[in-house]
Amino acid sequence: MSHLDLQGLQKSFGANRVVRDFSLSIDKGEFVSLLGPSGCGKTTVLRMVAGFETPDTGAIRLEGRDLIPLRTNARNVGMVFQAYALFPNLTVAQNVGFGLKVAGVPRQETAERVAEMLDLIGLPVGDFGSRYPFQLSGGQQQRVALARALAPRPRVLLLDEPLSALDAKVRVRLRSEIRTIQRHLGITTIFVTHDQEEALSISDRVVVMNAGILEQAGTPFEVYNHPATAFVASFVGTLTPFEARVLESETGLVDVSGRRLRLGRRLPRAAGEALTLALRPEALRLGRPEDEAIQLSGVAREVEFMGSIIRIRAEVGGTPFVLDTFNRPDAPPPAPGEAVDISFSPRDVIVVGA
Amino acid sequence: MTRIAAWTIFLLGCIYFALPLWGMTEFSLRMRRGEYSFDAYASILSNPEFQRTFLFSVTMALVTIVVGVLLVVPTAFWVRLKMPELRPFVEFVTLLPLVIPAIVVVFGYIRLYNTGSWLPLTGTAMGTNALLAMGYVMLALPYMYRAVDTGLRAVDVPTLTEAAQSLGAGWITILGRVILPNVLTAVLSGAFLTFAIVIGEFTMAAILNRPAFGPFMQRLGQDRAYEPTALAVIAFVITWACMGLISLVARTQKHTRAAGR
Amino acid sequence: MALTTEATRTAVSPPRLTTRLPLRWLGLLPFLLFATLFLLLPTLYIVVGAFRDGRGGWTIQNVLDLATPSIRSAYWLSIRISFWSALLGCLIGFLMAASVVLWGVPKRLRNPLLTFSGVASNFAGVPLAFAFIATLGPAGLLTLYLRTEFGINLRAYGWNLLSAWGLIVTYLFFQIPLMILIITPALDGLRREWREAAEVLGASGFQYWRMVALPILFPSILGTMALLFANAFGAVATAIALTGPSLNIAPILLYAQIRGDVLGNPHLGYALALGMIVITAAANAIYIVLRARAERWMR
């Protein structure tokens, strides 16, 4: 049985339907990301679990028990907010101990738990316990917020874009720390973000949302490599989509603006129907093709040197292609305007919606 | 629950504020027996003393505003540009009038500047008027300085000044044509607030014995029944007008700023 | 940000400071002259005068004489009036501001409330007294209305506008709005996430207010109260127009002393004024200290 069960959630603000028929089952200890553009309803789902919003219809069950009749302060969930939301009048130790204090936990026990939590996030109580939030950096504040959320041993941890107010380096480091701590405690976690890289890198499962609808739920590998909808394909990762017409459904023969392409797998559409195909930048290669690869000739338009990877935006017969190639010191990238050969294997073509 | 309590508190507060306003308005219209009339207002407006004292206080307010602007704008500008380390000190001085009761300061005036002193300002009517005007500038100082300083914070004074200097502008030009227009809203807010404070001011004018509007109102209150309430209504309308002008000015500035971006 | 740039600018300039000092001070001269002549010197004159005797010697007798029953009771009444009008002004102003900012009275009413507060906080002095005399005075409209329509005789319940409590009720007309103007930004500063964070950690609404919201607001509230106290303590015009010389409070006593030396000793008058400065200064010192504390958390 699943640990946290969301069933048929609907929520409207006025005429605006923010969440539509949203269902999701989360296992104990699972780390699930809700990913989508701003306004897609991901934060509203989180706030319904926390109890800040009441769903119009649907059910939220935690360990089989209905959460909806419970007020926020009786749900025993932990939450970390985007803008830290530490209490400015309390010290770090008092912030972390807040949940225990309101629960009436004895002083000694609270102090021990606070020290344990602060150790866990790498801000030892001796050095940081008596500081006020304004004396901490953004990254430190967010760690304290995490410790505060975890201290009362919540059954679910809710993270509402906890990293988006931080700068890039801190963000990357803190996200792996969050993941480590989450694994260590084995706590069921929902993580809301609009950053696909973030979602893909730390989740057990990614749930892509758009306009209040769940578009796809799956492992990062599934979502990235087998996007269920055109939206997922375009939102997760960089992609070059192109239209094709099915010639033979069984053998996967398609027509792409006059060229025949054998994908070598069964297609979800019948012959004569239109189909959207797509290629990831890493599926495209520069230069001469291998045996079964398909070759295209184009012109490089922009070349972005990104360190280990070089991203080339090329144009092939009017269609823009994005191509990633590993940096190699002995092979300088083409200059903008230079003719380039591009090849790809039919196996790497993504059939959107398959 | 909270909502009902909140509404109750809010409405009770509104009643408290509405009652005296209703009371004075209603009372001011009751001079003629048995019917509403503007007799009290007519009586006031035709009172030559009203005209004289009101004109006196309006003049005082305008003089105060001019002197205040000439004093505060260059000072605030100079402090921001050249002596930022002195800002806490200057700010402290400008806030002193909120700490020292006006009656104490004016008490000092009449002793310090009496006929036998080194600067016998109270010896002549004009001298006393000047002293009163200075007293009003002092009263308005906290509001005026704060408004202008806040206005200056919004513009980058050193850069603007350097830009003007590089184009060959002198100090007067910089102040009058670069800084003043940029803090005009702030100056106008300060000016209207000063007007509202000065027009009905009582303590200083009474102690310096000047024929101002405030002491006139107080005297009238001792021997008339209806006219004072008419005066209160007029005073309230003037205060309201000044505050309305302040928010109007603030709004127009927001619009021009937004349009400029 | 501004602080650091200013700091660097001063840090860079010291070599030129000594040579350019006179010219830089020249720009501040008009202000310094004005402040000295019309603010500092007159105040100093009073302060010094409080410690002189009639023959030009130094003494603390004047200050000691403030302890005479009539003066002491005047101060005491002033302090009580100022305290109660400040306390009630804070309480009611806080509740009214909070009802709009936090407790569900429509946000549409917010701007009208603030605009009205701007007007009412400046509607003090003589006209305010007239408004209250017309409403709650012995022949005021509300007084008469309650008596004729409901048979309620306010006087019988101990109500008298020309008394200390009458003065307090009148002062509230500018004290409450001043509190609303000052506390509304502070209430806006209470972030929604604080409340939500407290709730999700298991706190009740009451616990949130006791452990988070009130401690955050407390310095602002207490500081504003000190400001309101000084505001009421120095108010002369309203008191004189309302009660005439009948009420024995410090500012009225000083007013009478200035106009006619009712104490029979000019230097005792200075001491009376000095006492007022000390009290308002103490109130303002509290305000400044608490303000700084309130802002410490908010950086």
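Letters A, B, ... are given to chains in the order of the sequence lines, protein chains preceding strands, and every chain is numbered from 1.
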Looking only at atom types and distance, does a side-chain atom of [X] sit under 3.5 Å from a main-chain N or O of [Y], one as donor and one as acceptor?
X         : Y         : result
Thr280(C) : Val99(B)  : yes
Tyr41(B)  : Ser28(B)  : no
Ser247(B) : Gly244(B) : yes

Selection from Tyr226(B), Phe17(B), Tyr113(B), Phe10(B) maximising heavy-atom pairs under 4.5 Å formed with chain C: Phe17(B)
Among Met138(B), Glu201(B), Arg111(B), Gln218(B), residue most engaged with chain C (heavy-atom pairs, under 4.5 Å): Arg111(B)
Could you tell me if the side chain of [Y] sits less than 4.5 Å from the side chain of [X], heavy atoms only?
X         : Y         : value
Phe229(C) : Ile279(C) : yes
Tyr145(C) : Leu141(C) : no
Leu139(B) : Val198(B) : no
Phe50(B)  : Phe213(B) : yes

Which atoms of Leu113(C) approach chain B - backbone, side chain, both or neither, heavy atom under 4.5 Å: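 Side chain only.
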Portion of Val100(C) that has a non-hydrogen atom of chain B nearer than 4.5 angstrom: side chain
Counting only heavy atoms closer than 4.5 Å, note whether [X] contacts chain C via side chain, backbone, both or neither.
X         : answer
Phe89(B)  : side chain
Arg30(B)  : side chain
Phe77(B)  : neither
Val233(B) : neither
Leu12(B)  : neither
Ile110(B) : side chain
Leu86(B)  : side chain
Pro228(B) : both
Leu71(B)  : side chain
Ala206(B) : both
Val106(B) : neither
Leu141(B) : side chain

Any side-chain donor near an acceptor of the partner, Tyr143(B) and Thr194(B), under 3.5 Å: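 No.
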